[in-house]
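Read through the structure below, which is laid out as structure tokens, and then see the notes.
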Number of protein chains: 2
Amino acid sequence: MTRGLTGARGLTGGGRTPTIREVAEAAGVSRATVSRAFTRPDLLRPETVERVREVAARLGYTPNVVARALSTGRYATIALVVPDIANPFFPPLMRGAQQAADAAGYSVVLGDSDESPAREDVLLTKFAHQVEGVVLASTRMPSARVREHATRRPLVLVNRDIPGVPRVLIDSASGMAQAVEHLADLGHRRLAYVSGPASSWSNQQRRRAVRRVAAARGLEVATVQASRPTYAAGIECTSALLAARVTAVVAFDDAVAQGILAGLSAAGVAVPDDVSVVGCDDVVADTTTPPLTAVSAPTRMAGQLAVEVLLRILGDDDVADTRHVLDSELIVRATTGPAPRTRRRRGTTADRYTDGRRRSLGS
Amino acid sequence: MTRGLTGARGLTGGGRTPTIREVAEAAGVSRATVSRAFTRPDLLRPETVERVREVAARLGYTPNVVARALSTGRYATIALVVPDIANPFFPPLMRGAQQAADAAGYSVVLGDSDESPAREDVLLTKFAHQVEGVVLASTRMPSARVREHATRRPLVLVNRDIPGVPRVLIDSASGMAQAVEHLADLGHRRLAYVSGPASSWSNQQRRRAVRRVAAARGLEVATVQASRPTYAAGIECTSALLAARVTAVVAFDDAVAQGILAGLSAAGVAVPDDVSVVGCDDVVADTTTPPLTAVSAPTRMAGQLAVEVLLRILGDDDVADTRHVLDSELIVRATTGPAPRTRRRRGTTADRYTDGRRRSLGS
DNA sequence: TTGTACGCGTTATCAA
DNA sequence: TTGATAACGCGTACAA
């Protein structure tokens with residue numbers, strides 16, 4: 001066979017990483033001793049450890065993790081699979097995960113499924129051989145398939161609630177409930193929920209929370225479906241919102257809320273004087289104009305916690321079926337205010353900009 | 001020795017991935033034949049390939065990439081090291097890199113150096129054994145150290161110009177030049193450049209471009225240093241900008257520009273009527289209020305190109321010292337407008353909000 | 001306390 | 001066209 005990468009440049013060539021054998025020869029010991037100097041120094045005489053390490057350092061030796069993985073099955077690597085790296089919800093999560101892994105000496109291989117369940121499936125089977133476990137965020141796969149993958153490798157879910165599979169959940173419902181209470185307190189009687197992807201666990205959770213609290217407080221809720229959870233889609237659904245004649249809008253996430261802010265601004269509707277707007281996730285919320293009232297989700301913590309749970313599973317064997325729930329909370333900024341007291345004519349300012357369509361109430 | 005992960009659950013246990021040997025036995029062929037059925041099917045009789053693949057599929061066999069890596073030295077993995085995942089500049093870059101790698105069957109391990117050169121160094125040595133090559137973005141390491149790492153593993157830089165090391169550069173200078181021309185055409189005579197990290201290659205490049213074109217067009221340039229390239233720092237330096245009595249501001253990046261927008265808004269200064277603002281990178285620019293005029297950097301393309309260059313190096317041997325430059329361009333939106341024609345009194349509106357300090361011109 | 005020798009799962013060489 | 005077998009670099013029973 002041709003030599004592997006490390007050997008490809010000849011024994012004396014520059015830039016090559018030496019192997020355990022070369023260190024052994026240089027130090028005048030066996031390969032096993034070199035190995036132990038790094039993994040089980042307690043089994044060796046202190047002088048030996050020191051001598052071996054010194055030689056290793058001089059030669060620039062570092063243990064080959066791949067060879068070690070093949071031998072031990074410990075890859076010191078986990079996979080992190082997300083639907084879309086560029087979605088601002090995920091970078092903080094990735095960072096939390098990355099740092100937790102790093103702190104434990106683990107590497108992170110990254111998978112971007114491009115929002116496709118089929119791609120998730122491909123990535124997961126691909127990673128099965130090179131990682132010890134996987135953190136799967138906001139998966140769109142069917143529960144059965146997720147369970148299958150979970151039997152092949154330790155797997156921790158983020159924002160997907162499948163009994164039997166360890167999971168870390170961000171309870172945006174708690175924050176959403178606060179948001180609706182907040183709006184009710186401000187005198188709003190009629191609000192809209194702008195819905196995200198139908199298959200999204202988070203969306204279902206948020207929609208339900210809004211409906212529940214609204215019902216409890218006697219508010220009417222119109223549901224408007226955003227085509228995608230994006231800024232552009234937020235702008236698009238503005239006219240539908242105006243047609244729905246609401247005084248407050250709770251959006252699926254910040255991007256949509258931000259789009260709605262832009263759409264309202266373009267339509268000459270004042271925020272929060274005419275309409276109040278609430279976002280969710282709080283990833284960009286404090287950099288909008290005006291600063292967005294939003295439900296703050298501890299995404300970074302979720303990433304960190306997911307990795308910690310995974311590493312715990314990798315350590316012990318039975319931390320099975322853990323379910324961690326992280327609370328969210330409403331951060332009140334400048335896009336929510338008292339409901340407009342009076343309507344000057346039969347129609348509000350908003351009427352001038354509606355497209356005439358009306359959305360049904362309640363769904 | 002203890003069995004590895006794949007063997008840990010016994011030969012018949014569920015969830016285990018079968019090895020090449022089991023497929024060979026089940027198909028009644030040798031391990032070599034199974035291997036060839038996947039890597040060199042042209043060497044086998046079609047019927048054999050088909051039979052082996054069928055058995056493999058039935059057993060759920062997939063080649064173990066780690067074992068393959070140990071044998072061939074081809075890891076089918078590259079590393080991507082960035083200073084900060086959560087910095088909005090990087091996710092698009094990461095995504096481009098990820099997808100290019102994915103298209104070639106490569107995995108990406110992710111490193112976040114937390115803006116620390118020392119961490120970069122640690123990550124790079126750690127990854128040396130598990131990847132074929134690395135893409136290093138916006139590194140803060142000294143050139144000599146980067147060169148050293150580049151001799152150990154194929155390495156492609158993004159946004160760092162070190163001769164001898166393959167690199168992909170985003171020429172923000174071209175866009176910055178356009179920005180200054182644009183402002184000059186609008187009648188501005190006095191502008192500020194809000195500077196980013198002093199050690200940043202991009203910052204040096206941008207500052208120079210602004211100065212050069214400003215000089216050519218006879219504009220005065222005040223330089224204001226932002227403490228960090230963040231939204232908060234942008235807000236902070238607003239007072240200094242007002243004190244500098246400029247009618248236009250060119251910011252190091254979008255985050256700073258966005259902070260400046262907020263700061264100006266809070267100070268009652270109208271954009272673009274009183275002051276024009278230009279951002280750079282264009283990562284959030286079209287979601288600000290008003291939409292930010294910005295220099296658009298093809299970050300996603302940079303990530304993609306960097307990986308393509310790396311893979312090319314991994315393929316052939318001598319693509320050495322390539323230097324790809326990607327142009328940027330100015331996207332004019334709503335934060336730039338004609339310079340205010342007249343000053344109504346001795347002072348502009350802005351004077352009411354300055355802190356009295358003045359910044360020196362030219363630096 | 002240290003060395004010997006085998007196995008991890010795969011690919012490549014050589015022979016058949 | 002296929003099979004037997006030696007690597008790849010490391011960890012670890014077992015023996016010394």
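When reading the values below, keep in mind they use all heavy atoms of this one structure, side chains included, and skip hydrogens, waters and symmetry mates.
With a 6.0 Å radius and a threshold of 12 heavy atoms from other residues, nucleotides or ligands, B:Arg40 has its CZ atom at or below the threshold.
The base of D:dG3 sits with one of its N or O atoms less than 3.5 Å from a complementary donor or acceptor on the side chain of B:Arg36. You'll find a donor-acceptor pair under 3.5 Å spanning the side chain of A:Ser71 and the base of C:dG7, going by distance alone.
Proximity of B:Tyr61 to the phosphate of C:dT10: a side-chain N or O atom is located under 4.0 Å from OP1 or OP2.
Residue contacts for A:Phe38: at a heavy-atom cut-off of 4.0 Å it reaches no nucleic acid atom on any strand shown. Within 4.0 Å of B:Val29, counting heavy atoms only, lie sugar-phosphate atoms of the nucleic acid but no base atom.
Following rounding to the nearest Å, A:Leu70 (CG) and C:dC8 (C1') show an atom-to-atom distance of 4 Å. Here the P atom of nucleotide D:dG11 and the CZ atom of A:Arg21 are 15 Å apart, to the nearest Å. Rounding to whole angstrom units, CZ of residue A:Arg40 and P of C:dT1 are separated by 12 Å. Look at CZ on B:Arg31: it is 14 Å from C1' on D:dT2, rounded to the nearest Å.
Between the side chains of B:Tyr106 and B:Arg74, at least one donor N or O lies within less than 3.5 Å of an accepting N or O. No side-chain donor-acceptor contact under 3.5 Å links B:Glu132 and B:Thr77. Remark: the A:Ser30 side chain and the A:Thr33 side chain contain an N/O donor-acceptor pair separated by less than 3.5 Å.
Checking C:dT4, C:dG9, C:dT2 against the side-chain heavy atoms of A:Ala32 singles out C:dT4 as nearest. Distance from the side chain of A:Arg68 is smallest to D:dG11 among C:dG9, C:dG3, D:dG11. Nearest nucleotide to the B:Thr48 side chain, out of D:dT1, C:dC6, C:dG9: D:dT1.
In terms of position on DNA chain C, the residue among B:Pro63 and A:Arg51 whose nearest nucleotide sits closer to the 5' end is A:Arg51.
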